[in-house]
Amino acid sequence: KGSKAMIDEESLYEMIAAHMPDWKEKVTPYDLQVHKCNGLTNITLTISSLKEGVEPPVIFLRIFGEMGEIINAKREREVFKAISDAGLGPKCLGKSENYRIEEYIESTSLTNFLLNNRLYMSIFAKTMCNFHHSPKLYEALIKVEPEKKPMCLVWLDTWYQMFLNKYEMMQKLTTKKENLEVLEAYRFVTKPEFVEEIKRVLPDPNNRTVTVCHNDIHENNVLQPSTQKDNLVFIDFEYCSWNYRGFDLGLWITETMMDYNHPHFPYFKMYENNQMCDEEIDFLIRTYMTEYHKKYYKGDLILE
């Protein structure tokens with residue numbers, strides 16, 4: 001809200017200086033080097049100091065935008081604080097109602113072709129298991145969403161109506177062949193029986209397979225720190241909420257086919273030949289469940 005007016009160096013400096021004593025003492029607005037990152041709902045900036053001897057030398061600034069219907073702003077703030085406190089993601093260095101200063105992690109994001117590499121699958125499965133079953137994350141989320149409704153059920157209802165509206169509009173306007181193919185996809189997912197069948201096969205949301213989930217796992221939201229090659233860090237928690245824990249694992253499996261850094265329209269590309277095979281999926285799930293039974297199993301006989 002009003003975030004575009006806050007991009008100038010003076011405004012950025014005021015935000016940083018309010019929370020970062022070393023920057024306030026040693027840096028001026030003219031010493032800021034600003035790089036804009038990709039972001040859909042927020043303005044995200046990597047800011048470094050041109051002056052040496054400032055700690056930390058680089059920060060990540062997130063200026064909140066309009067969250068929309070699906071993203072709960074209060075939930076996102078509470079969850080990020082818990083993630084920071086639990087050491088499961090970037091640290092929170094300062095915050096206000098309009099922005100947040102986060103730890104900058106020197107890292108590289110993964111590519112979809114690395115997601116079915118067994119080394120990364122193993123690290124991901126263990127990291128995701130610990131994320132799902134973190135007591136601090138559970139306590140933070142239960143305060144703002146005590147009903148524990150799986151997010152995929154929320155999305156099924158919300159997106160179904162959104163797709164239905166889009167389908168009806170496209171029916172009236174679409175004539176090009178490539179758009180007719182998209183229209184056919186919309187027609188398929190807007191069948192009421194399609195949604196009902198998905199709901200029918202989902203587990204009872206009251207069982208213990210519903211945990212804190214990231215809900216937006218893909219190549220650009222998983223970082224490999226430059227100094228920790230045996231570690232992965234999740235970022236961007238706007239959709240983090242309750243869900244079936246298999247949802248995050250399913251995202252990792254399907255995202256092996258999706259490249260979101262494609263340089264040409266529509267700026268993503270699908271590689272069906274990079275789809276995980278059954279043996280790879282089995283390895284991912286077994287690694288996850290081994291970590292679960294080693295750390296979190298309580299003798300409840302839930303052997304998913």
Side-chain angles (χ1 to χ4, degrees), residues 3 6-7 9 11-27 29 31-65 67 71 73-110 123-124 126-128 130-132 134-137 139-141 212 214-240:
S3 55
M6 300 166 68
I7 294 284
E9 281 78 0
S11 298
L12 294 177
Y13 176 76
E14 288 178 12
M15 285 186 262
I16 298 168
H19 304 278
M20 312 288 291
D22 210 31
W23 284 63
K24 182 178 181 179
E25 180 183 338
K26 301 175 182 178
V27 178
D31 299 320
L32 302 183
Q33 189 170 45
V34 181
H35 172 72
K36 188 172 183 182
C37 309
N38 293 328
L40 293 177
T41 54
N42 303 314
I43 294 175
T44 52
L45 308 167
T46 300
I47 304 176
S48 55
S49 168
L50 294 174
K51 281 193 175 178
E52 295 182 1
V54 179
E55 288 297 331
V58 188
I59 60 168
F60 187 83
L61 177 64
R62 185 183 301 274
I63 303 174
F64 301 127
M67 289 293 193
I71 302 174
K74 182 179 179 182
R75 178 188 70 212
E76 193 276 344
R77 313 293 196 269
E78 291 290 334
V79 165
F80 187 87
K81 182 180 183 304
I83 288 168
S84 172
D85 293 345
L88 294 170
K91 292 184 177 67
C92 179
L93 303 178
K95 63 179 180 176
S96 80
E97 205 165 309
N98 299 316
Y99 63 86
R100 182 171 62 229
I101 302 171
E102 303 173 12
E103 173 191 16
Y104 173 77
I105 299 175
E106 186 69 44
S107 60
T108 55
S109 56
L110 302 185
I123 298 171
F124 167 78
K126 294 173 185 177
T127 305
M128 193 83 262
N130 292 323
F131 185 93
H132 284 164
S134 164
K136 287 187 177 180
L137 287 191
E139 291 167 10
L141 191 54
V212 180
H214 185 284
N215 291 323
D216 195 21
I217 289 294
H218 58 77
E219 58 184 30
N220 294 329
N221 283 345
V222 182
L223 304 180
Q224 183 180 39
S226 301
T227 57
Q228 296 175 294
K229 296 300 184 182
D230 59 346
N231 187 28
L232 294 175
V233 176
F234 305 135
I235 60 170
D236 288 354
F237 303 100
E238 287 95 337
Y239 296 104
C240 184

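When a residue number appears, it is its place in the shown sequence, counting from 1. Please read these numbers as outputs of a predicted model, since none were measured by experiment.
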Measure from the side-chain N and O atoms of D216 to the backbone N and O of N221, and report whether any donor-acceptor pair falls under 3.5 Å. no

Evaluate side-chain contact (heavy atoms from CB on, under 4.5 Å) for Y99 paired with H19, printing each intermediate quantity in order. CA-CA 11 Å; Y99 63 86; H19 304 278; 3.0 Å; yes

In short, K24 meets A17 closest at the heavy-atom pair CD-O, 3.7 Å

Count the heavy atoms belonging to other residues, nucleotides or ligands that lie under 6.0 Å from NZ of K26, then report whether that count exceeds 12. yes

Taking NZ in K36 as the centre, count heavy atoms belonging to other residues, nucleotides or ligands within less than 6.0 Å. Is the count above 12? no

Distance col, row R77:CZ vs E97:CD, nearest 0.5 angstrom, shows 7.5 Å

Review point. Looking at side-chain heavy atoms only, is the closest gap between Q228 and V233 below 4.5 Å?
Key: no

With distance as the sole test, does Y13 use its side chain to make a donor-acceptor pair with the main-chain N or O of V27 at under 3.5 Å?
yes

Interatomic distance, OG@S107 vs CD1@I235, rounded to 0.5 Å, equals 7.0 Å

One should read off an interatomic distance between S49 OG and I59 CD1, to the nearest 0.5 angstrom, of 9.5 Å

Shortest non-hydrogen pair, L232 vs T127, comes out as O-CG2, 3.7 Å

Between H214 and F234, the two heavy atoms sitting closest are CD2-CB, 3.9 Å

Rounded to the nearest 0.5 Å, the CG atom of L88 sits from the NZ atom of K136 at a distance of 9.0 Å

Q) Does some side-chain heavy atom of E78 sit less than 4.5 Å from a side-chain heavy atom of L141? A) no

Minimal heavy-atom distance between D31 and K51, with the atoms involved, is OD2-CE, 3.3 Å

Item to complete: Could you check K95 against F80 for side-chain contact (heavy atoms from CB on, under 4.5 Å), going step by step and ending with a plain yes or no?
Response: CA-CA 11 Å; K95 63 179 180 176; F80 187 87; over 6 Å; no

Open item on the list: Could you check whether any side-chain heavy atom of L223 comes within less than 4.5 Å of a side-chain heavy atom of P90, counting everything from C-beta outward?
Closed with: no

Less than 4.5 Å apart, any side-chain heavy atom of R100 and any of C92? yes

Item to complete: Give a yes or no on whether the backbone of L110 and the side-chain of E219 come within a donor-acceptor separation of less than 3.5 Å.
Response: no

Residues L137 and V79: closest non-hydrogen pair is CD2-O, 3.9 Å

Heavy atoms of F60 and E103 approach each other most closely as CB-O, 4.2 Å

Does some side-chain heavy atom of V212 sit less than 4.5 Å from a side-chain heavy atom of S134? no

Inset, instruction - Indicate yes or no: at least one non-hydrogen side-chain atom of N42 is less than 4.5 angstrom from one of E238. - result: yes

(request) Using a 4.5 Å cut-off on heavy atoms from C-beta on, say whether the side chain of C240 contacts that of F131. (result) yes

- Message: I'd like to know whether I217 forms a side-chain contact (heavy atoms from CB on, under 4.5 Å) with M128, so could you lay out the CA-CA distance, the side-chain angles of the two residues, the decisive distance to 0.1 Å, and finally the verdict.
- Response: CA-CA 10 Å; I217 289 294; M128 193 83 262; 4.3 Å; yes

When you compare the side chain of W23 with that of I47, does any pair of heavy atoms fall below 4.5 Å? yes

Rounded to the nearest 0.5 angstrom, the CD1-OG1 distance for I105 and T227 is 9.0 Å

Separation between NE2 (H218) and CG (D236), nearest 0.5 Å, reads 7.0 Å

